[in-house]
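We're numbering straight along the sequence, starting at 1. Predicted model only: the values in this text are computed from it and were never measured. Just the heavy atoms: all of them, side chains too, but no hydrogens, waters or symmetry mates, feed the values below.
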Amino acid sequence: MFRHLEDLRRGSFEGAEPRGDRLALFERAVALLDPVVRQVLQETNDTFLAGSGEISLQPVTVDPQTDDAAAVWSLSWPEQRAAGNVRAEGGVPPIQVVGLFAAGFTHPHLRGSSAGNWPLQVVDEADAERQEPIVRAIVEAELHERVFEGTWRIIPSSAFVQSIQGDPRRTDR
């Protein structure tokens, strides 16, 4: 947070001032974060989705209309893709972790599709590893949002049954 505040004070991102230089740092941050985000998404896939999910990364792209730059990691699975959204028009989107560097912003942020805006201050592997608890919080919030939008039935039954069978706190067996 201190680095984040220092960026705001100086009008730079980790010392870089021109937008092009800051975008290059953002692309590097995404590359450094990739293994961390993929690990958390894979653990979520294995634990909650019985390994049925697909993880993807949309690399950094700049929207020509807004000049926002974003990278999006997604975890989708068959039940989610088939589900209707009980809270809005359309389907249930995948779990997403988003690196967003909005136009006019000093530096990028890490978020979900509906949760967060954490400072994305990543310049090396140690910084990337430090983001793991934040990525876990984002993914958990995203998973809950998908259950909220599509009902708990979008969690594959075998994963759900295994999770409650192995939970020693359960007393209703």
Side-chain angles (χ1 to χ4, degrees), residues 25-63 68-102 108-173:
L25 282 176
F26 174 54
E27 288 177 356
R28 176 169 163 68
V30 168
L32 289 164
L33 273 172
D34 187 54
V36 174
V37 175
R38 285 181 188 274
Q39 174 190 342
V40 172
L41 290 174
Q42 187 60 56
E43 289 173 11
T44 301
N45 181 35
D46 294 343
T47 302
F48 294 99
L49 308 177
S52 67
E54 298 173 12
I55 298 168
S56 64
L57 169 60
Q58 173 194 318
V60 175
T61 57
V62 178
D63 183 317
D68 290 348
V72 181
W73 291 267
S74 296
L75 172 58
S76 65
W77 64 102
E79 292 84 355
Q80 163 262 319
R81 289 189 293 268
N85 193 319
V86 299
R87 307 255 179 306
E89 291 286 323
V92 174
I95 291 170
Q96 294 184 328
V97 177
V98 180
L100 176 64
F101 195 171
H109 294 85
L110 191 61
R111 59 173 294 128
S113 64
S114 61
N117 271 316
W118 286 267
L120 201 164
Q121 301 290 143
V122 174
V123 296
D124 57 30
E125 286 181 17
D127 282 342
E129 290 170 10
R130 190 173 47 79
Q131 302 304 306
E132 187 217 359
I134 294 165
V135 172
R136 286 190 184 284
I138 291 168
V139 170
E140 185 171 333
E142 287 280 304
L143 179 61
H144 180 262
E145 192 67 19
R146 299 311 161 261
V147 169
F148 186 70
E149 293 168 340
T151 82
W152 63 269
R153 290 176 178 83
I154 68 168
I155 304 299
S157 60
S158 60
F160 181 69
V161 169
Q162 287 173 357
S163 72
I164 62 173
Q165 285 176 340
D167 186 345
R169 298 169 294 179
R170 295 288 303 216
T171 59
D172 61 342
R173 290 182 242 180

For [X], which residues count as a side chain to side chain donor-acceptor pair (under 3.5 Å) partner, sequence neighbours excluded?
{"X": "N117", "value": "R111"}
{"X": "Q58", "value": "T61"}
{"X": "Q96", "value": "none"}
{"X": "E54", "value": "none"}

For [X] versus [Y], what's the shortest heavy-atom pair and its separation?
{"X": "V60", "Y": "A69", "answer": "CG1-CB, 4.2 Å"}
{"X": "S113", "Y": "R146", "answer": "OG-NH2, 2.7 Å"}
{"X": "G99", "Y": "L120", "answer": "CA-CD1, 4.1 Å"}
{"X": "D124", "Y": "R28", "answer": "CA-NH2, 4.5 Å"}

Less than 4.5 Å apart, side chain to side chain, heavy atoms only: is that true for [X] and [Y]?
{"X": "I138", "Y": "W118", "value": "yes"}
{"X": "V40", "Y": "V37", "value": "no"}
{"X": "R38", "Y": "L57", "value": "yes"}
{"X": "P93", "Y": "E145", "value": "no"}

Test item: Q80 side-chain N/O and V147 main-chain N/O as donor-acceptor pair under 3.5 Å: no
Please evaluate residues D46 and Q42 with respect to the criterion side-chain hydrogen bond (donor to acceptor under 3.5 Å, both in side chains), reporting the C-alpha separation (whole Å), side-chain torsions for both, the decisive distance (0.1 Å), and the verdict. CA-CA 6 Å; D46 294 343; Q42 187 60 56; 2.8 Å; yes
Nearest 0.5 Å please: distance from the CZ atom of F26 over to the CG atom of L100. 6.5 Å
Find the distance between NE2 (H144) and CD1 (I95) and round it off to the nearest 0.5 Å. 12.0 Å
Should the pair E140-R136 be classified as a salt bridge under the 4.0 Å nitrogen-to-oxygen rule? no
Sorted by chain and number, sequence neighbours left out, side chain to side chain contact (heavy atoms under 4.5 Å, CB included) with S52 holds for L49, W77, P78, E79, P156
Among residues at least two apart in sequence or on other chains, which ones pass side chain to side chain contact (heavy atoms under 4.5 Å, CB included) with A128? L32, L33, V36, V122
Working for side chain to side chain contact (heavy atoms under 4.5 Å, CB included), residues W73 and D34: CA-CA 8 Å; W73 291 267; D34 187 54; 2.8 Å; yes
